[in-house]
Amino acid sequence: MAAPFYLKKRYTKVNTNEILYFLEQQIHSVIMATVDDSGLPVTCAIDIMDSDEKGLYFLTAKGKGFYNRLKKNGYASLTGIKGNDTLSCVAISVCGKVQEMGNAPLQRLFIKNPYVKEIYPTKESRQALTVFRLYEGSGEWFDLSKKPIERVSFTIGNQEKEMQGYEITDKCTGCKSCKVACPQNCIDFTVTPAAIKQENCLHCGNCLRVCPQKAVVRRG
Ligand SMILES: Cc1cc2nc3c(=O)[nH]c(=O)nc-3n(C[C@H](O)[C@H](O)[C@H](O)COP(=O)(O)O)c2cc1C
């Protein structure tokens, strides 16, 4: 079997499925944000119980405020982290549309996550449960354990990829003023114009701030 993407040194094509599977299996409990009736963000802990090429699956009880917020707003954001401390951590963030799948996928989720039956022990108590899928959105893998840091963005479903961070235009004269300002040393001066290695960039904006030629622009 091929090495998982997070073990490869360089990844040119991101495999979204592998990232979602890592989220389900290796992180599992995430912090999910929804929006309340006043437009304010509300967070809670939620378990990612399944994943496939169509998205992420989680369950909740229909009586919860969380259920109402999902139904009313139709969007959720999440972040999950794995690691012992900041410098050994990987974080995955996802933001996207959610849809209720009802109880049809419940059996599959119970089989994969038998502990749910300890929280909802009787058939009657499990009547409250319903499954949601996050099916269209975007996300990012962010790995602080690597030097320089590694990040990779991905999309779920039909979401178009949004460019983020910064890039260097052909106004660049190769003066290297940005070299010392870049905390991750991720600017490649072997090409013209110099190029930011996007997979190692913190998006701090220092290169834009210090460039005497105003050759650095924000993407997107
Ligand atoms: C580790 C952990 C995992 C949880 N997983 C879920 C879950 O998958 N689904 C769920 O509905 N609640 C889950 N909960 C409970 C919710 O976080 C909790 O019910 C929260 O209060 C829901 O928001 P609400 O009270 O605004 O409805 C979990 C709690 C913890 C501590």
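Residues take their numbers from the sequence shown, with the count starting at 1. Keep in mind the model is a prediction, meaning the values are calculated, not measured. When a ligand or atom number is given, it counts from 1 through the structure's own listing order.
Ring centroid separation for the pair His28 and Tyr115 comes in under the 6.0 Å cut-off.
Taking the centre and axis of the six-membered ring of Phe189, the NZ or CZ atom of Lys179 falls outside the cone set by 45° and 6.0 Å.
Evaluation of the ring-ring contact (aromatic ring centres under 6.0 Å, His included) rule for Tyr67 yields Phe132 as partners, not counting sequence neighbours.
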So what's ligand 1 close to, N/O to N/O, under 3.5 Å?
unit_1   : atom_1 : unit_2 : atom_2 : d
ligand 1 : 5 (N)  : Asp47  : N      : 3.4
ligand 1 : 8 (O)  : Asp47  : N      : 2.9
ligand 1 : 9 (N)  : Leu59  : O      : 2.8
ligand 1 : 11 (O) : Thr60  : OG1    : 2.7
ligand 1 : 11 (O) : Lys64  : NZ     : 3.1
ligand 1 : 12 (N) : Lys64  : NZ     : 2.9
ligand 1 : 14 (N) : Ala45  : O      : 3.2
ligand 1 : 17 (O) : Ala45  : N      : 3.3
ligand 1 : 17 (O) : Ala45  : O      : 2.7
ligand 1 : 19 (O) : Lys64  : NZ     : 2.7
ligand 1 : 26 (O) : Arg69  : NH1    : 3.2
ligand 1 : 26 (O) : Arg69  : NH2    : 3.1
ligand 1 : 27 (O) : Gly65  : N      : 3.1
ligand 1 : 27 (O) : Phe66  : N      : 2.9

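The line from SG of Cys44 to CZ of Arg69 is 6.0 Å long, rounded to the nearest 0.5 Å.
For Thr130 against Gly102, the heavy-atom pair with the smallest separation is OG1-CA, 3.3 Å.
Side-chain polar atoms of Ser145 and Ser88 form no donor-acceptor pair below 3.5 angstrom.
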